[in-house]
There are 2 protein chains.
Amino acid sequence: MAKAPKTAIQPTRAEDYPEWYQQVIRAADLAENSPVRGCMVIKPWGYRLWENMQRALDDMFKATGHQNAYFPLFIPMSYLEKEAEHVEGFAKECAVVTHHRLEPDPNGGLMPAGKLEEPLIVRPTSETIIGATYAKWVQSYRDLPILINQWANVVRWEMRTRMFLRTAEFLWQEGHTVHATSEEAIEETERMVDVYADFAENWMAMPVIVGSKTPAERFPGAIETLSIEAMMQDRKALQAGTSHFLGQNFSKAQEIMFQAENGEREYAWTTSWGVSTRLVGAIIMSHSDDDGFVIPPRLAPAQIVILPIYRDDAQRTEVIEYVESLRKELTDQTYAGMPVRVEVDDRDVRGGEKKWYHVKRGVPVRVEVGPKDIGKGSVFVGRRDQPKSYGIGRNEFVSSIAELLGEMQQGLFDRALKMREDNTVEITSEKAFRKFFTPKNEEQPEIHGGFANCFFSSEEKVDALLKELKVTIRCVPRNAKQESGVCFLTGEETTQKAIFAKAY
Amino acid sequence: MAKAPKTAIQPTRAEDYPEWYQQVIRAADLAENSPVRGCMVIKPWGYRLWENMQRALDDMFKATGHQNAYFPLFIPMSYLEKEAEHVEGFAKECAVVTHHRLEPDPNGGLMPAGKLEEPLIVRPTSETIIGATYAKWVQSYRDLPILINQWANVVRWEMRTRMFLRTAEFLWQEGHTVHATSEEAIEETERMVDVYADFAENWMAMPVIVGSKTPAERFPGAIETLSIEAMMQDRKALQAGTSHFLGQNFSKAQEIMFQAENGEREYAWTTSWGVSTRLVGAIIMSHSDDDGFVIPPRLAPAQIVILPIYRDDAQRTEVIEYVESLRKELTDQTYAGMPVRVEVDDRDVRGGEKKWYHVKRGVPVRVEVGPKDIGKGSVFVGRRDQPKSYGIGRNEFVSSIAELLGEMQQGLFDRALKMREDNTVEITSEKAFRKFFTPKNEEQPEIHGGFANCFFSSEEKVDALLKELKVTIRCVPRNAKQESGVCFLTGEETTQKAIFAKAY
């Protein structure tokens with residue numbers, strides 16, 4: 001993965017992957033750490049990407065029958081206590097509001113005052129507060145299903161944070177649905193993990209494995225957690241979205257009951273599912289290179305940036321006129337059902353600097369236009385996914401732009417898929433397992449083998465080894481064929497097989 | 001305002017305006033109070049309206065050169081202390097996070113643990129945290145202007161809450177901009193209040209008065225606050241949006257400095273501006289009637305609802321086919337630059353009940369279609385803004401739908417404007433002032449005169465009377481001509497004239 005002497009991002013992926021990640025974010029101006037511990041500022045370029053992701057996901061949620069709503073930021077402390085595993089899962093990392101006023105401190109400055117009777121938790125996820133509301137809404141089977149999604153901020157007091165991947169506050173969507181039967185709820189759980197897989201693969205150009213979590217890795221309170229798992233360029237797994245079948249656990253804790261068609265009072269069946277700004281981190285780590293960010297065209301805030309080149313005012317007039325008509329022609333094209341997104345960068349900045357600015361920000365296509373190009377009726381094109389630039393007739397460029405963007409989108413997906421396939425192995429012995437997950441190189445302790453497909457007898461029996469190697473069971477792939485084999489660690493016969501990996 | 005014996009909303013506006021407001025919200029299924037004190041749940045119909053408002057405003061912000069970004073939910077307590085008036089304004093009503101963990105309480109249940117070194121405030125508004133970030137971004141005049149908006153939730157610990165109008169947590173947008181000169185910042189402040197006025201009048205069909213706040217009514221820390229003020233149907237004023245020129249107050253508190261073209265280090269000039277979910281309350285109180293919610297067509301989640309009417313399966317097949325082709329034809333029409341939004345309600349519910357369901361929810365146009373209508377090639381139309389329904393040829397209805405929606409939008413605006421004009425007077429004496437603001441009727445203490453246009457010598461001198469009558473100075477209208485007159489209270493000669501009103 002090492003590259004020729006000079007790269008726009010220092011260090012390179014091969015030199016120091018975690019630091020490369022931070023530097024890509026900085027060079028692309030996506031986000032920065034804020035003065036508030038663990039919270040980030042999402043800057044305009046990063047937020048525009050998130051807006052595009054939101055828009056696409058929101059359309060998919062609506063197409064599958066969901067509506068948006070909004071529930072309170074705060075959860076009374078007692079609500080969290082109602083579901084035992086849930087509180088266990090979140091109590092250790094939540095922001096607690098205890099006062100509702102500030103007063104002058106006799107020692108100077110301010111101090112909290114107006115103590116609340118009951119502390120409030122800033123939502124780490126909203127099953128409990130939304131469930132309490134649903135309990136009032138649901139009376140009869142006629143009220144079901146409830147299919148609601150919420151776009152919101154949530155807070156989990158993480159001790160070790162990393163921009164986009166793990167922050168104390170993050171933005172996400174959380175779907176919360178209620179159903180009359182277990183079957184319907186399971187169907188919903190699967191439908192939504194499929195929506196996430198569709199989004200990941202077709203919008204983010206990120207291949208994912210859909211599977212179910214083993215019991216120890218499930219969402220606190222869930223009967224079943226489905227997830228999509230992707231391989232990043234350092235071969236670690238990233239859980240990119242989860243969909244939970246909650247059974248009747250939350251409806252029992254929250255008293256979500258309905259009168260069935262047969263007149264009986266029954267507990268409802270619920271699901272929840274979410275993805276977050278973590279997906280921005282997933283895009284960065286799936287596609288970026290040692291020159292910076294690479295954005296899949298379908299999600300890019302700008303798919304094309306036009307860079308006018310001129311020496312003086314006379315040239316400028318001519319070039320800008322050409323550029324504006326080119327912009328309009330390109331905007332009239334559609335790619336993936338939407339008008340092509342084009343920007344013109346006419347800032348007074350050196351040409352080389354300007355080009356690298358857009359390279360580092362990951363704009364898929366750069367188009368330089370100067371007097372010579374105008375003379376030839378051509379444009380000079382740079383693709384973010386290839387080092388070489390080339391001249392091409394203006395009309396040909398415009399008429400083939402959707403094809404070009406589509407080819408780039410597919411190319412990113414194919415490359416990521418190949419990377420995953422090249423780094424996924426079947427492992428049948430402890431020795432091979434240890435070797436696979438041992439760093440190849442002391443200077444890059446993060447780089448190891450990748451995904452290991454292993455039979456295993458039980459989560460308990462492999463637990464100590466996984467802790468030692470900092471490996472986790474990612475998921476039992478959904479499409480795996482039923483077969484039996486021998487546990488890589490104990491040698492016991494088993495039908496359980498899963499993907500093991502180091503993970504974010 | 002009283003109406004014939006039976007209305008869909010009880011009580012009517014004339015009987016009990018505040019309770020009517022709550023009942024309209026309930027009947028339209030817009031929102032409900034949550035189990036968390038002062039926080040509401042925004043239900044799907046209400047949230048869809050808010051999404052339409054967001055989309056329209058967001059487009060207007062982008063068209064005026066702004067980009068979105070996202071800043072932390074939490075503000076370190078010490079940040080709030082930096083601007084003296086600002087802390088004064090917000091310290092009394094803020095949610096304070098003091099712990100980051102929950103632990104088992106020896107007495108049972110949970111208790112806060114992990115005390116923070118410095119308490120965090122849940123943002124009541126973000127000038128201080130965004131300013132701290134801008135201080136790092138701004139180095140040179142070349143970095144200016146910064147034109148950023150944020151869509152977010154904020155918390156102000158209000159003791160008396162009312163859905164949409166005043167809630168502890170609410171959704172809003174807050175623009176925060178930085179400029180090199182005072183002139184530019186003032187221009188921005190005015191541009192954004194104009195955007196709000198444009199949105200209020202042309203989307204919400206709500207006439208507003210643009211003006212500046214008197215010193216005592218300004219945003220804490222602002223040099224000048226511009227606002228849009230609207231008259232509700234109970235003749236009270238509602239401040240529907242504000243735009244603040246902050247001068248150098250926050251840049252001095254936050255050290256937002258830049259190197260000017262002449263090389264000098266200077267403090268920057270900042271603005272902030274915001275509107276919130278309060279605007280949903282403004283729509284409700286501007287247009288709704290004793291049968292429920294009335295939504296201006298331009299913002300309605302569904303502009304038309306089609307109600308198929310049939311007796312049996314054979315009829316159903318025929319009717320649904322007709323309805324689906326009608327839906328498609330209507331959706332192909334555009335109104336105000338967007339495809340017409342149409343829904344079909346084929347639920348198994350009695351016809352009368354179904355009709356009233358949509359009346360109460362405020363859908364602008366209802367279209368009933370049964371076998372008889374099909375035979376005649378017609379549809380049966382009910383307008384939400386008029387009591388009568390009528391039959392009309394299908395083709396004529398489809399081709400004139402944009403015109404109909406436009407006429408309804410304009411009609412709502414005209415009615416609201418007339419209401420405001422009919423209830424706005426010039427007042428020149430204390431006696432007339434007292435009479436104007438004294439309820440006409442003991443059972444309806446809220447109903448009084450409306451807006452009073454008065455000369456006044458100073459805020460201080462009229463203060464006691466305003467407190468006594470619970471009247472406030474809403475604004476000094478921007479378009480008022482410079483003139484002089486006599487203070488209604490002191491008789492002193494003055495050039496100050498403002499709108500006085502009771503307000504939400």
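So that the names make sense, note that chain A is the first sequence line, chain B the second, and so on, each numbered from 1.
- More than 12 heavy atoms of other shown residues, nucleotides or ligands fall within 6.0 angstrom of atom NZ in B:K62.
- Annotation: the span from A:H100 atom NE2 to B:M159 atom CE amounts to 4.0 Å, rounded to 0.5 Å.
- Of the listed residues (B:L110, B:L116, B:V87), the one with the most heavy-atom contacts under 4.5 Å to chain A is B:L110.
- Between A:W157 and B:F74, the ring-plane angle classifies as tilted under the 30° and 60° cut-offs.
- Within the 4.5 angstrom heavy-atom criterion, only side-chain atoms of A:L120, from C-beta onward, approach chain B.
- Rounding to the nearest 0.5 Å places CD of A:E32 at 6.0 Å from OG1 of B:T133.
- Taken to the nearest 0.5 Å, the CD atom of A:Q150 stands 9.5 Å off from the CD1 atom of B:I42.
- Proximity of A:E51 to B:D58: side-chain heavy atoms (C-beta onward) are separated by under 4.5 Å at one or more points.
- Of the two parts of B:Y79, only the side chain, counted from C-beta on, holds a non-hydrogen atom closer than 4.5 Å to a non-hydrogen atom of chain A.
- Near-neighbour residues of residues 136-145 of chain B relative to chain A, defined by a heavy atom under 4.5 Å from a heavy atom of that chain, comprise B:K136, B:W137.
- Chain B forms the most heavy-atom pairs under 4.5 Å with one residue out of A:V36, A:I75, A:N68, and that residue is A:N68.
- Chosen from A:A69, A:P35, A:A113, the residue pairing most often with chain B at heavy-atom distances under 4.5 Å is A:A69.
- When heavy atoms are compared at a cutoff of 4.5 Å, B:R55 approaches chain A solely by way of its side chain, counted from C-beta outward.
- Atom-to-atom distance recorded for B:Q67:CD and A:K43:NZ is 11.5 Å, nearest 0.5 angstrom.
- For A:I148, the part sitting under 4.5 Å from any heavy atom of chain B is the side chain, from C-beta outward, and nothing else.
- Two residues are said to be in side-chain contact when any heavy atoms from C-beta on lie closer than 4.5 Å; A:L102 and B:E81 fail this criterion.
- Neither the backbone nor the side chain of B:E103 comes within contact range of chain A; no heavy atoms are under 4.5 Å apart.
- Note on B:T98, B:I130, B:V122: by heavy-atom pairs under 4.5 Å with chain A, the leading option is B:T98.
- Residues forming a side chain to side chain donor-acceptor pair (under 3.5 Å) with B:E255 (at least two apart in sequence, or on another chain): none.
- Here the OH atom belonging to A:Y70 is positioned 4.0 Å from the CG atom belonging to B:N153, to the nearest 0.5 angstrom.
- The choice from B:C39, B:S78, B:P112, B:P76 that makes the most heavy-atom pairs within less than 4.5 Å of chain A is B:P112.
- Scored by the side chain to side chain donor-acceptor pair (under 3.5 Å) test, B:K92 finds no partners at all (sequence neighbours excluded).
- Only the side chain of B:P119 comes within less than 4.5 Å of a heavy atom in chain A; its backbone stays farther off.
- For B:I121, the part lying under 4.5 angstrom from a heavy atom of chain A is the side chain only.
- Neither the backbone nor the side chain of B:E118 comes within contact range of chain A; no heavy atoms are under 4.5 Å apart.
- Using a 4.5 Å cut-off between heavy atoms, A:K82 does not touch chain B at all.
- By the 4.5 Å heavy-atom criterion applied to side chains, A:V97 and B:V155 are not counted as neighbours.
- By a heavy-atom distance cut of under 4.5 Å, B:E169, B:L171 are the residues of residues 167-178 of chain B near chain A, going up by number.
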